[in-house]
Number of protein chains: 2
Amino acid sequence: MGHPQESLTYLLQKAAKHSLAALEAALADLDLSARQFLFLALVETHDELSQQDLAAKLSVDPTVVVKLVDQLEERGLVTRTRAADDRRQHRLALTKTGRALLGDATTRQQRAEREFTRAIGARRAELRTLLAEALAQSPAR
Amino acid sequence: MGHPQESLTYLLQKAAKHSLAALEAALADLDLSARQFLFLALVETHDELSQQDLAAKLSVDPTVVVKLVDQLEERGLVTRTRAADDRRQHRLALTKTGRALLGDATTRQQRAEREFTRAIGARRAELRTLLAEALAQSPAR
DNA sequence: TATTGTTATACTCTATAACTATA
DNA sequence: TATAGTTATAGAGTATAACAATA
């Protein structure tokens, strides 16, 4: 280590920023922000979670999720339904349009990530693994 | 891949956020933000760069650097000097106090990063390498 | 009483444009 | 004319607190 500017925080910040910018660019044609895309993807595989659960999973404030869902619902990509077992909670689900758009977006995302990790080639899988493992120990994963 | 929520962008965003929070906490006693720390570290090893060069290196707006330097100069941690060869530019340098604080902060940072990467142990070096290599291909590193 | 989602508001961070001094 | 740094302002993103519905 030695040189603090090679710190993990520094590298992670920069990598996250550039990776986000690349994803934004890749999704621009679909009029979908990176955050909206990642949220759609989360909803697809976790339609059993409440909005607060999703907020915790994303490490963002619950009020952020409210606005995200507002946007996506207005575009007809997701639906809100009261949960049967606890009518305070909402259950989110993708519409047919939402699923189609997510599929299209996913293709673009994968292309953007391969490009972003071009320099490390196949070791991108190792990068994913290391990040996931490090995060798994953190609270509220 | 398959599951978009395992995308690199998603993992990098979360890892960056948590790593930043951990660093902020580790530096709180010193009344130093993570960004101030990373900037001090950058100045120490790059006192030949202009503020705009530093801004590019950090991938932030030049006006952000102005405010950062304002804060650090007011605390007596860095100095601004007009460059001899081009008097429009500033050259930044750490004061004795700045170097001492940076040393203290670096110790805390290293401890925080070891803790953050506890789950991956010695493979944290590999993580650093992968991030650095992926970033090296990006523009304006 | 506590919790989910919502709203309104305040706060922070960042970007934009205009200015100065140097080139 | 163009560039480095600065300033003031606007904009985006986020957090905080108060509220209604439900538990």
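First the proteins, then the strands, lettered A, B, ... as listed; each starts at 1. The shown structure was predicted, so the numbers you read here are calculated from the model rather than taken from an experiment.
- Within the 4.0 angstrom heavy-atom criterion, base atoms lie near B/Gln52.
- The nearest heavy atom of DNA chain C to A/Leu49 and to A/Lys17 marks one nucleotide each, and the one closer to the 5' end goes with A/Leu49.
- Salt bridge annotation for B/Glu113-B/Arg128: present, with a cationic side-chain nitrogen under 4.0 angstrom from a carboxylate oxygen.
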**Message:** I need a per-nucleotide contact map over nucleotides 17-23 of chain D, read 5' to 3'. Cutoff is protein heavy atoms under 4.0 Å; write B for the base, S for backbone only, - otherwise.
**Reply:** B---BBS
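- Annotation: side-chain hydrogen bond (donor to acceptor under 3.5 Å, both in side chains) contacts of B/Arg111 (sequence neighbours excluded): none.
- In terms of modelled atom types and a separation under 3.5 Å, the side chain of B/Gln137 and the main chain of A/Phe116 share a donor-acceptor contact.
- Here the C1' atom of nucleotide D/dT14 and the CG atom of A/Leu58 are 14 Å apart, to the nearest Å.
- Atom CG in A/Asp61 sits roughly 7 Å away from atom P in D/dT16 (whole-Å rounding).
- Taking the 5' to 3' direction, DNA chain C first and last meets chain A under 4.0 angstrom from a heavy atom at C/dA2 to C/dT7.
- Counting non-hydrogen atoms of other residues, nucleotides and ligands closer than 6.0 Å to CD of A/Glu74 gives a total of 12 or fewer.
- Counting heavy atoms from C-beta on, the side chains of A/Arg82 and A/Gln89 never come closer than 4.5 Å.
- A salt bridge links A/Asp70 and A/Arg80; the closest N-O separation between the charged side-chain nitrogens and carboxylate oxygens is under 4.0 Å.
- Checked against side-chain contact (heavy atoms from CB on, under 4.5 Å), B/Ala93 has the following partners two or more places apart in sequence or in another chain: B/Thr79.
- Of the possible donor and acceptor atoms, one in the side chain of A/Asp53 sits under 3.5 Å from a partner among the backbone N and O of A/Ser50.
- In terms of modelled atom types and a separation under 3.5 Å, the side chain of A/Ser33 and the main chain of A/Gln36 share a donor-acceptor contact.
- Two residues are said to be in side-chain contact when any heavy atoms from C-beta on lie closer than 4.5 Å; B/Leu30 and B/Arg108 meet this criterion.
- When the C1' atom of D/dT6 is taken as reference, atom CD of B/Gln89 falls 15 Å away, rounded to whole Å.
- A donor and an acceptor atom, one from each side chain of A/Ser59 and B/His18, are located under 3.5 Å apart.
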**Message:** Quick one, A/Thr95 with A/Val78, criterion side-chain contact (heavy atoms from CB on, under 4.5 Å). Give me CA distance, side-chain angles, the key distance, then yes/no.
**Reply:** CA-CA 5 Å; A/Thr95 63; A/Val78 304; 5.7 Å; no
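- Counting only heavy atoms from C-beta outward, the side chains of B/Leu32 and B/Arg75 approach each other to under 4.5 Å.
- Residue B/Arg91 is out of contact with every strand shown, counting any heavy-atom pair closer than 4.0 Å.
- An end-to-end axis angle of 0° holds for the helix from C/dT1-D/dA23 to C/dA23-D/dT1, taken from five base pairs per end and rounded to 10°.
- Comparing B/Pro62 and B/Lys67 along DNA chain D, the residue whose closest nucleotide (by nearest heavy atom) sits nearer the 5' end is B/Pro62.
- Residues from residues 21-30 of chain B lying near DNA chain D, meaning a heavy-atom separation below 4.0 Å, are absent.
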